[in-house]
Structure formats: structure tokens, C-alpha cells
Student: 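Sharing a structure here in C-alpha cells format.
Numbers restart at 1 for each chain; the letters A, B, ... are given by sequence-line order, proteins then strands. Quick caveat, the model's predicted, so the values are computed rather than measured.
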Amino acid sequence: MSEEVKPESVSLCPVSIATNPERELLCIFGTGDLGRSLGQRLLQSGYRLVYGSRRPHSCGPLPPGAQVLSHEAAAQSASLIFLCVHREHYEFLESLAPQLKDKVLVDVSNNLKKNLYPEANAEYLQRLIPRAMVVKAFNTLSAWALQNGPSDANRQVYLCGNSTTAKQAVADIATKLGFTVLDRGSLSAARELEDFPLQLFPEWRLPIRLAFGLTAFFFFYLLIRDVVYAYVQEGKDNSFRIMVSLANKVFPIVSLIMLALCYLPGVIAAFLQLYRGTKYKRFPDWLDRWMLCRKQMGLLALAFASLHVLYTLIIPIRYYVRYRLAANTISQIMENKTSKFDTTMAWRTDSYYSVGILGFGLYLLLGISSLPSVSNALSWREFTFIQSKLGYLTLFICTFHTYLYGWDKFLHKYKWYMPPSYMLCLVVPSMVLLLKLLLLLPCVDKSLTHIRQGWERTDPEDATRKSLLTFHTECSPFPQQIGPGKVTP
Amino acid sequence: MSEEVKPESVSLCPVSIATNPERELLCIFGTGDLGRSLGQRLLQSGYRLVYGSRRPHSCGPLPPGAQVLSHEAAAQSASLIFLCVHREHYEFLESLAPQLKDKVLVDVSNNLKKNLYPEANAEYLQRLIPRAMVVKAFNTLSAWALQNGPSDANRQVYLCGNSTTAKQAVADIATKLGFTVLDRGSLSAARELEDFPLQLFPEWRLPIRLAFGLTAFFFFYLLIRDVVYAYVQEGKDNSFRIMVSLANKVFPIVSLIMLALCYLPGVIAAFLQLYRGTKYKRFPDWLDRWMLCRKQMGLLALAFASLHVLYTLIIPIRYYVRYRLAANTISQIMENKTSKFDTTMAWRTDSYYSVGILGFGLYLLLGISSLPSVSNALSWREFTFIQSKLGYLTLFICTFHTYLYGWDKFLHKYKWYMPPSYMLCLVVPSMVLLLKLLLLLPCVDKSLTHIRQGWERTDPEDATRKSLLTFHTECSPFPQQIGPGKVTP
Amino acid sequence: MSEEVKPESVSLCPVSIATNPERELLCIFGTGDLGRSLGQRLLQSGYRLVYGSRRPHSCGPLPPGAQVLSHEAAAQSASLIFLCVHREHYEFLESLAPQLKDKVLVDVSNNLKKNLYPEANAEYLQRLIPRAMVVKAFNTLSAWALQNGPSDANRQVYLCGNSTTAKQAVADIATKLGFTVLDRGSLSAARELEDFPLQLFPEWRLPIRLAFGLTAFFFFYLLIRDVVYAYVQEGKDNSFRIMVSLANKVFPIVSLIMLALCYLPGVIAAFLQLYRGTKYKRFPDWLDRWMLCRKQMGLLALAFASLHVLYTLIIPIRYYVRYRLAANTISQIMENKTSKFDTTMAWRTDSYYSVGILGFGLYLLLGISSLPSVSNALSWREFTFIQSKLGYLTLFICTFHTYLYGWDKFLHKYKWYMPPSYMLCLVVPSMVLLLKLLLLLPCVDKSLTHIRQGWERTDPEDATRKSLLTFHTECSPFPQQIGPGKVTP
């Protein structure tokens with residue numbers, strides 16, 4: 001009787017557990033390019049291999065050492081089958097259902113577009129052959145990585161499936177091929193895995209469009225104000241300014257506005273919660289989307305700030321600047337009146353530079369702490385401290401830097417009724433800082449903390465529940481700082 | 001009989017192993033904010049959910065789709081229970097011990113302070129209900145991440161527990177919610193996990209205080225020497241220098257000293273080992289603490305060096321500098337004597353800049369190799385090569401840069417008996433380099449290598465053992481370079 | 001009967017599964033330095049420990065709390081044994097085979113050199129004692145990490161072995177000691193693990209040699225052209241130029257050539273595939289090796305570009321530059337003729353700087369996306385987009401930057417028949433860009449895509465197969481962009 005029990009318990013073990021190091025036999029359905037590349041690699045890693053093909057005798061050159069059989073025979077010979085077949089041809093597998101029973105089916109397919117089919121390829125496969133153990137795996141790798149092993153963006157094999165033993169078997173193969181395995185749970189994650197290789201920076205699109213739009217707007221604004229105006233009114237050709245002077249005005253402006261826009265949705269959300277008196281109401285969609293791309297907006301803002309720094313630092317090697325300085329010196333001598341040293345001017349400009357450098361330093365710190373490996377090493381209290389406390393400090397310092405730049409020139413210098421660009425760019429940051437200041441007032445802060453701990457204002461009957469809630473939520477000692485979440489009631 | 005064996009073996013399997021994809025039932029104790037948020041997320045991820053509550057009929061609004069039962073009934077219905085209850089109320093669980101037998105209890109609690117209780121919450125829980133399988137998990141996530149899934153610093157779920165099956169079941173849920181799971185071993189790691197979310201850069205405190213202290217000291221030193229002295233002795237108002245000139249003296253000084261202080265403890269430890277003749281004696285506590293924060297000190301030093309670079313690069317756009325250069329040119333013309341080009345001066349200043357840039361480049365390299373993902377990809381021989389060999393090279397080059405800056409002005413230029421600041425800042429680095437040079441002498445190096453391979457001088461009787469030791473330690477071919485460890489005898 | 005089944009199934013469980021939290025007993029063979037350090041650490045982590053020694057009564061001081069027995073007795077007492085013994089002494093283990101049967105043997109050994117023995121230490125051990133379960137582990141850690149727990153480059157324990165239960169037992173110990181475990185598959189990976197700690201940037205050697213060679217060549221070329229020529233022909237001592245001016249010519253030249261050399265092998269490979277009409281032929285070895293170090297070449301190119309940026313930015317604070325500017329101004333006044341502002345000159349130089357900054361920005365982006373944690377977070381479509389599309393854009397912009405620098409001075413300015421250095425450095429990049437342009441021609445691009453999807457020209461008979469292939473390869477929707485792989489036919 002114990003004889004009967006044993007085989008079963010063994011069949012549950014991952015295939016590689018066998019102490020007998022006889023080379024394991026795997027099967028690949030499909031003798032196309034993908035099947036050939038994968039087979040090559042499996043053979044090199046010490047597996048035995050059999051191909052399943054519709055025309056076993058005329059399927060072209062395959063890696064030496066591999067056998068080719070009919071689908072039926074191949075399926076019967078191995079306990080794990082890679083499907084290197086296009087989804088459109090899965091149907092033929094239905095007729096193989098008896099042979100595929102209790103086999104591990106590895107679905108490596110991808111689609112050409114998102115949402116081409118109502119269900120994920122792997123889920124469709126599982127539905128076709130309900131008694132097989134379908135595992136979605138390897139589809140996030142490039143063909144290059146499947147042929148040659150791990151390289152840069154191809155170190156990780158994501159897999160998912162409903163059977164943990166099947167997943168373990170596939171994971172063993174993947175580690176043997178040199179990859180790192182990340183288990184994404186049950187087969188319901190298959191769609192996510194299938195969408196992954198198709199994506200091209202989805203979360204960067206909105207921020208990039210925004211940055212592009214702001215850049216274009218301020219470029220033309222400044223073009224009119226600095227170049228066209230001078231040409232029309234004074235007949236001067238300032239067009240060479242486009243390359244450096246204009247760029248060095250556009251970049252910091254866009255950077256500061258983008259940084260402020262990172263912190264605006266959090267402030268809006270807080271006021272919304274205060275107004276509604278609860279955190280259990282869903283935010284409007286635009287606010288949700290805005291909050292989800294704050295990191296990308298911040299990184300773009302940092303990129304623009306870095307360009308601003310480089311453009312500023314090359315100022316003294318520009319031909320135009322050198323020419324002007326020399327011309328200035330010469331005119332002083334010609335007119336025989338030396339300008340006096342202005343201590344206020346020295347204080348102001350040096351402060352301006354110094355504050356700017358400190359702001360940029362903090363900016364960089366925010367960027368570095370956004371690197372995945374750094375943020376993973378932080379506790380979220382630390383991460384919140386950097387991104388929220390230091391973030392607002394950065395915004396404040398950079399805004400202050402711009403005010404110092406403007407100094408006393410805020411209310412004149414209009415050209416064609418257009419205010420200087422730095423005035424325009426200060427609107428959003430000043431507003432965000434002001435609103436944040438309001439939120440920091442003790443009375444407002446206290447209400448908000450209550451709400452974020454689960455308290456609800458519009459619920460006058462159950463006072464008992466409130467007390468219950470406040471005690472329970474102490475479990476999570478830190479009221480959430482970055483911004484509240486969407487919870488559908 | 002085999003019928004009887006089967007149910008048992010199944011109960012050991014992680015819950016998600018069941019090929020039957022019926023949605024799994026989980027239980028949450030506690031209907032507070034945390035319980036509600038977690039429940040919401042579990043329901044969204046496809047689990048069925050039952051709440052256990054003291055007052056099942058008056059516990060306020062819960063996520064739609066969840067049942068509410070008494071604690072007893074809820075515990076009986078599910079095999080895995082999340083405890084979203086404050087530690088102070090764990091006692092009531094004792095009465096539920098029969099229902100909780102063999103159940104997986106997930107302790108997600110945190111405390112408001114470290115060391116509030118003699119034992120970790122999860123260990124206390126295990127002691128209360130010895131027959132349950134307690135798993136500590138999810139407590140390092142923010143409430144935001146529990147509600148909305150993984151985000152920046154919230155990708156990883158740390159868990160620990162004494163039962164691997166229970167851990168596997170919790171790990172499956174965590175991956176299904178989208179998190180990456182890191183197993184921290186048995187329940188004795190619970191305290192560490194509970195302390196993690198409370199920490200705020202503990203290992204950065206000493207270095208930050210040190211940097212702050214050095215910055216303050218040198219700021220006031222230079223304030224007196226450069227500003228107050230000029231005002232008192234010469235009546236000149238140099239105060240504007242504070243913003244850039246002073247800062248650009250303080251930052252490099254602090255940076256160089258901090259870098260030297262990274263390498264000083266290793267040198268001290270080596271001499272201590274040479275003096276003691278063994279590596280099996282514990283270092284004094286201060287030395288241990290010092291050695292543990294070298295990385296943070298180095299990164300702060302890099303931050304200060306970066307500020308120094310930026311402050312240096314803006315020099316030529318400063319109003320003061322432009323004014324001085326123009327005034328210089330004008331005075332040359334007025335007095336009609338042009339200064340002659342000084343080749344030595346050109347060599348010296350260019351060398352000074354060039355060496356500085358190379359030093360900063362190496363500095364950056366050290367910083368980049370400290371990024372977790374980069375250092376993880378290095379073998380420790382490579383890491384040691386960069387941090388030790390290139391580290392000392394960086395220290396040497398930066399010290400040399402400072403000597404070039406000083407040039408021949410070392411022994412005069414005292415003001416009020418205060419030497420120039422760069423002289424002060426050279427003391428520690430020169431000393432470290434000199435001591436390191438001593439350690440590299442062949443005879444000293446040989447003794448030290450012996451000691452670090454386990455040889456002990458003060459043990460004259462067993463010559464046999466020594467020979468044994470030297471052969472065994474060849475297993476680890478690289479004598480440890482960075483610094484020796486604390487081993488209590 | 002079920003009584004007989006149980007013990008077996010338990011013996012398959014990892015050792016830590018036992019709900020009984022009694023401290024587990026481990027064994028260490030070898031009382032040398034490594035054995036002592038590891039034992040210390042295991043005891044601190046709550047394990048009980050027994051040492052196996054040849055002379056149990058005279059093996060010197062061991063960590064307090066550990067027992068010392070003969071090898072036989074020690075082996076019998078524990079189910080898991082760490083081997084802290086040099087490989088040369090493994091033979092004595094053969095006599096212990098009966099005691100070691102079914103035990104987990106952890107091989108932590110390393111060799112002093114690569115390829116010292118025909119087989120890996122762990123495989124040799126497994127061959128000696130076939131009935132033990134050998135696990136290779138912990139050998140990639142430094143002695144320091146074994147004594148004191150994880151630190152920077154020592155967070156990960158790589159392990160491999162043929163038995164998953166044995167690996168699980170070792171993994172449990174490693175996580176309990178605080179390490180992260182990475183399973184590298186079966187024991188055939190042991191050699192790789194044993195080679196890992198011996199390596200010192202193997203993949204960086206070729207790029208570093210190349211960079212060094214190019215740097216040396218251009219340094220001497222420019223030394224002759226800029227310094228020696230001026231000295232011989234004009235008797236001027238320009239030697240001070242070596243430190244900054246020469247360096248700032250050498251660095252960008254080497255950087256641009258290295259960047260172009262990153263993209264040249266991909267272009268060569270594409271033409272080779274076009275010429276051969278198949279992707280199933282192995283590339284020549286030199287091309288393979290070249291392609292494998294492109295990332296390192298790119299990072300070195302970025303390092304040189306960064307130096308170029310810093311060297312450029314310090315130009316205006318150089319003594320020589322300030323002297324020249326002042327002398328220029330003075331001579332204008334003396335000769336009483338002010339130079340006129342040249343708009344073309346302003347346009348040209350500003351464009352030159354602006355394009356350079358944008359190129360450097362893209363360069364940095366390429367570098368950041370090469371960080372392991374960043375590239376892991378990218379889908380490979382995204383990674384390919386950055387490294388290939390943005391990479392070529394970077395190459396184009398940097399080449400354009402250099403053309404703008406040259407402007408109209410390309411065909412004169414020869415000295416001793418030596419063309420200016422920027423002309424030399426433009427050869428390779430221009431060629432690469434030209435060839436890439438050819439590859440982008442629709443007709444060429446189409447053929448290449450076909451070939452990379454598995455199509456073969458030199459195979460006229462089986463038209464059927466071709467159609468089969470093109471449908472199969474749609475599984476992997478993205479034709480591989482970076483460069484084709486080696487597949488032995």
C-alpha cells in the first residue's frame with residue numbers, strides 16, 4: 001500500500017529533485033525560430049530535448065542532438081512542454097488533451113498588440129486543456145536572451161501559474177539557464193506578463209508630453225520677448241541667443257514648474273479630503289493619474305535642472321560673454337570712469353548662486369533615492385522623509401533661488417505687456433508652498449491626520465466606532481504622508 | 001489507509017497549490033482602518049474575505065463583498081488569519097486558542113517606539129497561542145501600499161516565522177498582491193522586522209553629526225580669518241564672501257577630512273592587531289561603531305566634494321570675480337605695465353585643476369560602486385579593489401590636490417596666529433597616508449597577513465596548531481583587506 | 001504502515017520546518033580560521049555546533065559553546081556538515097562515506113587560481129561521496145562577511161546542488177544569518193561559483209586596454225603637434241598645456257571613438273548576416289568578444305566624456321585663459337581698434353556648446369539605464385529603445401558636436417603633415433553612422449528583418465518551411481535590435 005502512495009508523492013516533487021543526475025528530457029512544440037533558439041540553449045545547458053512537429057520528417061534543420069517526433073509522441077515522452085507556437089494555432093492542442101494531462105505546459109507567447117484577445121494567451125490555453133498545468137514564463141525575455149542567456153534587461157524570468165509544483169519545475173530550468181526567477185502568483189497575472197514586453201514607458205508619456213508642452217510654450221514666449229521684440233523695436237539681431245540664453249531660461253522654468261506640479265496633487269488631495277471629511281471616497285480620475293506619475297515628473301524636472309546647471313556653467317566660455325566683458329572693460333577705460341564695487345550686488349548674486357547649488361544638490365538627492373535599488377533599501381519612513389520633507393525643502397529653495405534672481409525687477413521690465421518669464425514660472429511653486437503652509441497649521445494638520453487614520457466626519461451616529469478606529473490604526477504608526485489613495489466605497 | 005494519509009499531506013501544502021481555482025477564503029481580525037484597507041485590496045485581488053469582530057453587527061462600513069462574523073466563527077472558517085489588532089489587545093486571542101490551532105496567524109503590527117515591550121509582538125503572539133503558526137509579515141509596508149499595491153519603497157514584503165508552509169502561504173498571497181517576498185528566517189527575526197519601519201537613517205546619524213560639527217568649526221574659523229580679520233585690521237567689508245568663497249573653502253576641507261576618516265579606523269585596527277598579535281580580540285566599541293559607518297561617511301564626503309566642484313565652477317560668473325578681473329586689466333593699462341606670463345604659475349594651477357578633476361572622478365566611481373545594485377553585482381574581490389585600492393588612491397590624489405593648492409604658502413600667511421585652513425585640513429589625510437605607507441612595508445605587511453589568517457603571536461606552546469591553521473585558511477584565498485572584525489573570544 | 005511513511009516524508013522537509021523550536025545542531029569539519037569564524041557566527045545565530053577534527057583534544061581555542069569530536073562522531077551527530085577544509089585534503093572524507101550518507105555537505109572552498117583542477121571542488125566532493133547531498137554555498141562571501149554578517153558586496157549567498165531539499169536547508173541557514181539566497185541550479189554550476197570570487201573585472205579588461213591605447217596614442221600625437229612643434233618651429237614653451245589643454249583634447253576624442261566602437265560591431269554583424277543570408281552561422285570570435293564588452297566600452301566612453309565636461313568647465317578659471325583674455329583686451333586698447341561682434345561666430349560657438357550639452361545629457365541617460373537596478377526595471381523593448389535608438393542619437397549628436405568644433409578648419413591647419421586631432425577622431429563615428437544609414441534603407445532593413453526572424457537565403461528547396469518559420473517567429477514580436485547572437489550550426 002505504501003508502494004501506491006510513493007509514486008504520487010514523487011510526482012509532486014520538482015523534476016530536478018531526483019538525486020539521479022540523469023539528464024532530464026524536455027519537449028518543445030514548434031520548430032520555428034523561437035523553438036530552435038530555445039532548444040539550442042536547453043541542449044547547451046545539459047537537457048535532453050524532443051521536438052513536437054506537425055511534419056516530423058520535413059521540419060528543417062534543428063539543433064543537433066534533438067529528436068523530432070509527432071506532437072502526440074513528443075507530448076507523451078516528456079513531462080514538461082514548451083509551447084513555441086503562435087496563439088492562433090493553439091486550437092490543435094485541444095485534440096492532444098489526453099496526452100497533455102498532468103503535464104507542465106510553458107506558454108512563452110506574446111501578442112503583437114495589447115488587448116488583441118479577451119483573455120490572456122496562457123488563460124486561454126488553460127481553458128483549452130484544463131487538466132494540464134499551464135505556466136506563463138520566459139515571454140518577457142528577448143530572443144537574444146533565450147539564445148544566449150542573461151544580459152542587461154534580461155536577467156529576470158517572470159512566471160505565473162496555478163500549480164506551485166509546475167512553477168517550481170519551470171523555475172529550476174530558468175535558474176539552470178542562468179536567469180533569476182520572480183514568481184508573480186497565479187495564472188490571473190498572465191495578462192500582466194504578456195503586456196509587459198509590449199510596453200514602452202507608459203507611465204512616462206503624460207510627464208513627457210507635459211514637459212514638451214511647457215518647453216514649447218516658454219520657448220516661443222521667450223523667442224517673442226527676447227528676440228523678436230529686440231528685432232522689431234530696436235532692429236537688433238539677437239537670434240544667436242536661441243542656442244544658449246533662451247535654452248537656459250526655458251530649462252530652469254520648466255524644471256521649477258514640473259517640480260511644483262509633483263507636489264500640487266498631494267496638496268489638492270489633502271484639501272479634497274478635508275472638504276469631504278473622509279478618505280474613503282475615490283478621487284477624481286485626473287487626480288489619480290496625476291499622482292501616479294509624480295515620480296516621472298520629478299525625474300524629468302531633475303533632467304531639466306541638470307541641463308540648466310550645465311548651460312549656466314558654460315556661460316563664461318561663450319564668445320558673446322567674453323566679447324561683452326572685454327567691450328565693457330574697454331568702454332570703462334575709454335570713458336575713464338571705473339564702476340564702483342557694489343557690495344549689495346555681490347551679496348545678491350553670490351546668494352543666488354549658492355542657493356541654486358544647494359537646491360540642485362537636494363534635487364540630486366531626490367533623484368538618487370528614486371533609483372530602484374536605493375529606494376528598496378530604505379524603510380518607507382525614510383523614503384517618505386526624503387521625498388516629502390526634503391522634497392518640499394527643495395521646492396522652497398529652488399523657488400527662493402528664482403525670487404533672488406528676480407530681486408527688484410518684478411514689477412517693471414514688461415515688453416509688449418509680457419511679464420518676464422521668471423515671474424510666470426513662480427506662480428505655481430508659490431501657490432503650492434502657500435497651500436502646504438496652510439496644511440501645516442496645527443488645527444488643519446490635526447483634522448487631516450484624523451481623516452487619514454480612518455476617521456469620518458459625515459457619520460454622526462456611531463461614536464463608538466470612531467474610538468475603535470483610532471485605537472486600531474495605531475497599528476500603522478505613521479499617518480501616510482505622500483498622498484492618500486483611491487478606495488472605492 | 002492511504003485515504004487517511006492524503007488529507008494530512010494536503011494540509012501541509014501551501015493553500016494556493018490546489019488545482020481547483022476556487023477563490024480562497026481569508027480572515028481578518030479587526031475592522032479598523034488597517035483591516036479595511038487590507039481587506040479591500042485582498043478582495044480586489046480575487047480572495048474571499050471574512051472579518052472577525054467583537055460586535056459583528058455594529059462594526060461600521062466594510063468593503064462590499066466581505067462577511068462579518070464573530071471572532072470564533074471567522075477563525076473557524078478560514079485557515080489564514082490577518083491580525084489587524086493592536087498588540088495591547090492580543091490577550092483576547094488566548095480564549096480563541098482552540099479555534100486558532102494549526103491556523104496561520106499573520107501578525108502585521110508595529111509599535112510606536114523601539115523596545116516598548118520585552119519581546120517582539122509576533123513572538124508574544126506565538127507564546128499566547130503556541131499551536132498556531134505565526135508569521136510576521138506586511139508590517140514594513142505603508143498603509144498606502146497595503147491599500148494600493150507596491151510603489152517605490154514598498155515593493156518588498158519581509159516575512160519570518162517558524163513554519164515554512166505557513167510562510168509559503170503568506171508569500172503566495174503577497175506575490176498575488178504584487179509584492180516581492182524576502183524571507184528573513186525564523187520568528188526570532190520578528191523584532192528586527194518590527195524595528196525596521198521605525199528607523200530613520202540610524203547609521204547616518206554619526207556621520208551627519210560629524211560633518212555638521214566639522215562644517216560649523218571650519219565655517220567660524222574661516223569667518224574669523226577671512227571676514228572679521230579684514231574688517232578689524234583693514235576696515236574692509238568682505239562679508240559677501242560668506243556665500244560662495246567661504247562655502248567653497250569649508251566644503252572641500254570637510255570632504256577631505258571625512259574621506260581620510262573613512263580610512264583611519266582601518267589603519268588603527270591594523271596597528272591594534274599588530275600590537276596585540278591576534279585578530280581574535282574584540283576591538284573597542286568606538287572603533288567598531290566607527291568602522292560600521294565608513295560607507296556613510298564616504299558618501300557624505302562625496303556630497304561635499306560635489307558641492308566644492310559646483311562652487312568652483314561658478315567662480316567665473318560671479319560679479320565679484322568679473323569686477324576684479326576688469327579692475328585688474330584697467331589698472332594694468334592705467335599704470336601701463338603689462339604683467340608677464342608666468343609658465344610656472346600656469347603649470348601649477350593647471351596641475352592643481354587637473355589633479356582635482358581626476359580625484360573627483362575617482363570619488364564618483366567610489367560613490368557609484370556603493371549603490372546597492374552595483375555592489376551586489378561585484379564579487380567582493382572587485383568591491384575590495386575599488387573601495388580599498390582605488391579609495392586610497394583617491395585619498396592620495398585629493399591630498400596632493402590640496403598640497404598643490406597650498407604650494408609655497410604653507411609657512412607664512414598666518415593671521416592672528418591662525419594658520420590657513422588648508423594646512424589644518426591636511427593633518428589627518430597626511431597622517432592616514434603615512435600610516436598606510438608603514439603598513440605596506442613588506443615586513444609589516446607580512447606579519448599583518450599572518451595575523452589576519454588566524455595566526456596568533458601570544459601562544460608559544462602549540463606550534464603544530466599554527467601549521468594547521470595556515471593550511472586551513474587557504475580555503476579563503478584572499479586575506480581580508482577592508483578591516484578586521486570583532487570576534488569575542 | 002502509515003507510521004513507516006511518515007518519517008520518510010519528514011526527512012524530505014527542510015530542517016527548519018520543525019515546529020519544535022529546539023536549536024538545530026550543525027557540524028563543521030576543520031578547526032582553522034574559516035571554521036572558527038563560521039562557527040562563531042552560527043553560534044551567535046542560535047545554532048548548536050559540533051566540530052569534527054583529526055585531533056579533537058588538541059585543536060586549539062574554538063568558540064565557546066561548541067563541542068569538538070572526531071570526524072566520525074561529529075558526522076554522525078548532525079545532518080548538515082560545513083566543510084572548512086582545503087580541497088587537497090578531501091580524500092580523507094572517502095573513509096567517512098558511511099557516516100556521510102544522506103547528509104548535507106556544504107562545500108565552502110575556493111581555489112587559489114582558476115582551472116587548477118579538472119573539475120569543480122564540489123563536483124569532486126560529490127564524486128568522492130556519491131550518497132551525500134553536496135551543496136556549494138557561501139564561497140562567494142569574504143571571511144569578514146562570514147564572521148560578521150552581510151555587508152556591501154556580501155549580501156548574497158549563491159548556492160547550487162543537485163538536491164532541492166539540501167539546498168533548502170542551506171538556504172534556511174543563510175537567511176537566518178541575514179543573507180539573501182540566490183539559487184544557481186544544479187551542481188554543474190559549482191565551477192562558475194568557484195570562479196566568481198577569483199575574478200577581477202574580466203569583462204572590463206579589453207575596454208580598459210583599448211581606452212588606454214587610444215589615450216596614449218592621442219596624447220603623444222597631440223604632444224608632438226601642439227607642444228613639440230611649437231617648441232621646434234617657433235621656440236615657444238607650451239609645455240604647461242599638457243595638464244589641461246591636451247587632456248581636454250584627448251578625453252573627448254577617446255570618448256567619441258569608444259562610443260562609435262560600441263555601435264560598430266552591431267553594424268558589422270548586420271552586414272555579415274546580410275552577406276551570409278542567415279543568422280544561423282556563428283560570428284568570428286573577435287566579433288563575439290567585441291559585442292560582449294560593448295556595455296563596458298560605453299561606460300568608459302561616458303567616463304571620458306564626463307572628464308571632458310569638467311575640463312571644459314574649468315577653462316575660464318585657468319590662469320592662462322585669464323591672462324590671454326586680459327592681454328587681448330589690453331592689446332585692443334593699445335592698438336585702439338575694437339573687434340566687431342561676429343554674429344556667425346556667436347551662432348557657431350553657442351550651437352557647439354548647446355549640442356555638446358544635449359549629447360552629454362543623452363550620454364548620461366544611457367549610463368543611468370545601464371545601472372543593474374534600472375535595467376532590471378525596464379522591459380527589454382524599453383532597454384533596446386534607450387540603448388539602440390537613443391544610443392545612435394547620442395552618437396549622431398556627439399559627432400555633430402565635433403563637426404561644429406571643426407567648422408571650416410578641416411582642410412588646412414596641417415602641422416608636419418599631421419591633420420588636427422578632431423579630424424582623426426571623426427573617421428570611425430562618421431563611418432558607423434553612414435553604415436547605419438545604409439542599414440536603415442527600406443530594402444536593406446526588410447531583408448535584415450527577415451534574416452533575423454529565422455529566414456535563410458541559401459536554402460532553395462523548402463519553401464514550405466519558410467512560411468512556417470515566419471509565422472512561428474511572430475511569437476517573439478520584436479526582431480532583435482542590439483545585435484545577433486552566436487548559434488553553432
Side-chain angles (χ1 to χ4, degrees), chain A residues 1-2 5 9 14 16-17 19 21 30 32-35 40 46 60 84-86 108-110 112 140 142-144 147-148 152-156 172 175-176 180 196-197 199-201 237 240 243-244 247 303 307 310-311 313-314 316-320 322-323 326-327 329-330 333 371-373, chain C residues 1 4-5 9 162-164 182-186 188 295 312-313 315-316 325 328-329 332-333 338 341 343 345-347 349-351 353-354 357 360-361 370-371 373-383 385 453-454 462 465 468-469 471-478 480 482 485-487:
Chain A
M1 235 169 166
S2 77
V5 175
S9 70
S16 70
I17 205 170
T19 358
D33 184 44
L34 192 66
Q40 185 77 42
C84 298
V85 178
H86 204 48
V108 303
S109 66
N110 280 316
L112 288 168
T140 57
S142 69
W144 165 267
Q147 269 179 291
N148 299 283
D152 291 306
N154 292 288
R155 301 211 170 281
Q156 300 169 315
D172 284 352
T175 48
K176 209 160 183 177
T180 307
F196 184 67
Q199 77 179 34
L200 192 61
F201 302 110
D237 179 10
F240 70 91
M243 291 314 281
V244 175
L307 287 176
L310 284 174
Y311 273 97
L313 293 178
I314 56 148
I317 40 175
R318 288 176 65 201
Y319 165 74
Y320 166 69
R322 288 185 173 174
Y323 178 86
T329 311
I330 292 167
I333 291 169
L371 285 172
S373 67
Chain C
M1 235 170 167
E4 283 175 38
V5 175
S9 70
N162 292 327
S163 154
T164 41
L182 282 172
D183 187 336
R184 301 317 295 165
S186 74
S188 54
K295 180 182 167 180
T312 302
L313 293 178
I315 287 177
L325 285 178
N328 218 10
T329 311
Q332 278 187 43
I333 291 170
T338 46
F341 183 71
T343 307
M345 181 76 168
W347 259 103
T349 50
D350 277 9
S351 305
Y353 293 130
S354 205
I357 289 173
F360 183 65
S370 297
L371 285 172
S373 68
V374 176
S375 61
N376 277 344
L378 298 175
S379 81
W380 77 265
R381 188 183 174 203
E382 294 168 344
F383 186 76
F385 176 81
Q453 284 174 344
D462 51 356
R465 209 182 99 244
L468 249 170
L469 279 171
F471 115 63
H472 275 325
T473 46
E474 287 172 56
C475 291
S476 131
F478 312 110
Q480 179 243 326
I482 299 172
K486 62 171 162 183
V487 176

Student: Using heavy-atom distances under 4.5 Å, tell me whether C:T349 contacts chain A through its side chain, its backbone, both, or neither.
Tutor: side chain

Student: Could you list the residues that satisfy salt bridge (Lys or Arg N to Asp or Glu O under 4.0 Å) with A:K176, not counting sequence neighbours?
Tutor: none

Student: Check each atom of C:Q332 against the heavy atoms of chain A and say whether the ones under 4.5 Å are side chain, backbone, both or neither.
Tutor: side chain

Student: So which of A:V244, A:L200, A:T175 has the biggest tally of heavy-atom pairs under 4.5 Å with chain C?
Tutor: A:L200

Student: Could you tell me which portion of A:I333 (side chain, backbone, both or neither) has an atom closer than 4.5 angstrom to a non-hydrogen atom of chain C?
Tutor: side chain

Student: Tell me, do A:V108 and A:C84 make a side-chain contact under 4.5 Å, heavy atoms counted?
Tutor: yes

Student: Once side-chain contact (heavy atoms from CB on, under 4.5 Å) is applied, do any residues pair with C:A346, and if so which ones, sequence neighbours excluded?
Tutor: A:F240, A:Y319, C:F341

Student: Under 4.5 Å heavy-atom distance to chain C, tell me which part of A:R318 shows up: side chain, backbone, both or neither.
Tutor: both

Student: I'd like to verify something: which residue of C:T329, C:I357, C:I315 has the highest number of heavy-atom pairs under 4.5 Å with chain A?
Tutor: C:I357

Student: Identify which part of A:Y323 has an atom lying under 4.5 Å from any heavy atom of chain C, answering side chain, backbone, both or neither.
Tutor: side chain

Student: Do A:H86 and A:L34 touch side chain to side chain, with heavy atoms closer than 4.5 Å?
Tutor: no

Student: So, do A:P197 and C:R381 sit near enough that their side-chain heavy atoms are less than 4.5 Å apart?
Tutor: no

Student: Return the option, out of A:D237, A:L371, A:L310, with the maximum number of heavy-atom pairs under 4.5 Å with chain C.
Tutor: A:L310

Student: Can you name the closest pair of heavy atoms from A:M243 and C:S351 and give their distance?
Tutor: CG-OG, 3.5 Å

